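Here the structure is laid out as structure tokens; the discussion comes afterwards.
Nothing here was measured: the structure is a model prediction, and the numbers come from that model. Lettering of chains follows the sequences in order, A, B, ..., and the numbering in each one begins at 1.
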Amino acid sequence: TIVASSLVFLYSKCGSMEESLTVFENIPDRDIVLWNTLLAGYSVHGPWQMAVSLFEKVQNDGCELDKVTFMSVLKSCASLAALQQGQVFFSQMVKMGMQSDLLLNSILVDFLAKCGCLEDAAYIFASMNEHDVVSYTAMITAYAQQGHAKDAVSLYECMKQEGVKPNEITFLGVLNACSHEGLVREAIQYFKSMRTVYNITPTQNHCSCLIDLLGRAGHHVEAMELLSHLPPDCD
RNA sequence: CGUUGACGG
């Protein structure tokens with residue numbers, strides 16, 4: 001059973017969900033962690049609907065739901081933009097008296113934002129008593145994706161003031177925000193600060209984002225120049 | 001003990 005559990009983990013980790021499910025079903029005594037392992041696999045690799053439909057079977061199997069279980073299904077609902085389904089999970093969570101923590105709140109922010117409920121996401125974010133680079137980045141990315149570039153940028157500034165260091169994913173959100181708003185100067189400044197302030201090497205994703213931004217703003221010369229400095233295997 | 005969060009065009 002230990003070997004089988006490890007297999008479920010490994011298959012789930014690498015996205016071989018059919019194999020994972022096959023092994024899972026042949027394990028006689030499944031506990032909540034094993035269920036969570038499977039659900040987490042579906043929440044990352046899909047099909048996300050599987051996480052949702054398997055959820056009700058967890059309790060039938062005699063396992064007690066925990067935070068990790070809800071994280072997986074809420075994450076799946078986020079990917080599906082399934083607002084109502086996610087709200088059902090959330091209210092069930094509240095009814096169970098489960099207290100939300102930093103990770104769960106980050107998922108909630110992401111879930112609400114992906115469902116188009118930006119205000120609700122911002123409300124949850126504001127109500128959190130603790131933030132880290134992930135929760136900030138989730139909110140910044142949410143603003144950026146909905147075209148609220150200024151909110152994204154100002155939240156980024158706020159994050160720096162709080163002493164939270166941005167990472168490469170944060171910058172993708174910030175650059176994306178600048179792209180929407182045509183904030184060329186700011187984008188270039190942020191881009192440069194990645195190296196100079198945070199010792200982060202920009203990836204191809206960052207470069208693509210910046211090139212796209214420059215192109216959209218009509219700065220084709222600069223865009224071409226940046227392109228010429230990139231590794232040859234760029235898209 | 002093993003399972004959990006943010007990823008641009």
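- Counting any heavy atom pair closer than 4.0 Å across all strands shown, A/Glu168 reaches no nucleic acid atom.
- Among the heavy atoms of the strands, none lies under 4.0 Å from A/Lys67.
- Under the 3.5 Å distance criterion, the side-chain polar atoms of A/Gln146 are matched with a main-chain donor or acceptor of A/Ala113.
- Residue contacts shown for A/Asn205 include a base, since a base heavy atom lies under 4.0 Å away.
- Summarising the geometry, the separation between CE on A/Met71 and P on B/G5 is reported as 8 Å, rounded to the nearest angstrom.
- Of the candidates B/G8, B/G5, B/A6, B/G8 carries the atom nearest the A/Leu172 side chain, counting heavy atoms from C-beta on.
- The side chain of A/Leu103 approaches B/G5 more closely than any other nucleotide in the set B/G5, B/G8, B/U3.
- Across all strands, A/Asn105 comes closer than 4.0 Å to no nucleic acid atom at all (heavy-atom distances).
- When heavy atoms are screened at a 4.0 angstrom cut-off, A/Leu39 is found touching no nucleic acid atom at all.
- Look at CG on A/Leu210: it is 21 Å from P on B/C7, rounded to the nearest Å.
- For the pair A/Ile32 CD1 and B/U3 P, the computed distance is 14 Å after rounding to whole Å.
- Side-chain atoms of A/Asp31 and base atoms of B/G2 include a donor and an acceptor less than 3.5 Å apart.
- Among the atoms of the strands shown, base atoms are found under 4.0 Å from some heavy atom of A/Ser135.
- For the pair A/His45 NE2 and B/U3 C1', the interatomic distance rounds to 13 Å; values are reported in whole Å.
- Residue-level contact check: A/Asp66 touches neither bases nor backbone, having no heavy atom under 4.0 Å from any strand.
- Across A/Ser43 and A/Lys75, no two heavy atoms sit closer than the pair O-CE, 3.5 Å.
- At whole-Å resolution of the value, CZ in A/Phe111 and C1' in B/G5 are 15 Å apart.
- When rounded to the nearest whole Å, the span between CD1 of A/Ile27 and P of B/G2 equals 17 Å.
- Here A/Leu175 lies out of heavy-atom contact (under 4.0 Å) with every strand.
- Nucleic acid contact for A/Thr37: sugar-phosphate only, since backbone atoms but no base atoms lie under 4.0 Å from a heavy atom of the residue.
- In the set B/G5, B/C7, B/G9, B/G9 carries the atom at the smallest distance from any side-chain atom of A/Asn176.
- In the hydrophobic cluster analysis, where Ile, Leu, Val, Met, Phe, Trp and Tyr join through side-chain heavy atoms closer than 4.5 angstrom, A/Leu226 is grouped together with A/Met194.
- Ring geometry for A/Phe125 against A/Tyr136 counts as perpendicular: the plane angle is over 60°, on a 0 to 90° scale with 30° as the lower cut.
- Atom C1' of nucleotide B/G8 and atom CE of A/Met194 are separated by 12 Å, given to the nearest angstrom.
- An OP1 or OP2 oxygen of B/C7 is reached within less than 4.0 angstrom by no side-chain nitrogen or oxygen of A/Lys75.
- Residue contacts for A/Asn36: at a heavy-atom cut-off of 4.0 Å it reaches a base atom on one of the strands shown.
- When the options A/Leu80, A/Leu83, A/Asp120, A/Asp110 are evaluated for a side-chain contact (heavy atoms from CB on, under 4.5 Å) with A/Cys115, the one that passes is A/Leu83.
- Each of A/Phe55, A/Trp35, A/Phe90 was scored for a ring-ring contact (aromatic ring centres under 6.0 Å, His included) with A/Phe70, with one residue passing: A/Phe55.
- Contact between the side-chain N/O atoms of A/Lys13 and the OP1/OP2 oxygens of B/G2 is not found at any separation under 4.0 Å.
- Straight-line distance from the CD1 atom of A/Ile140 to the P atom of B/G5: 19 Å, rounded to whole Å.
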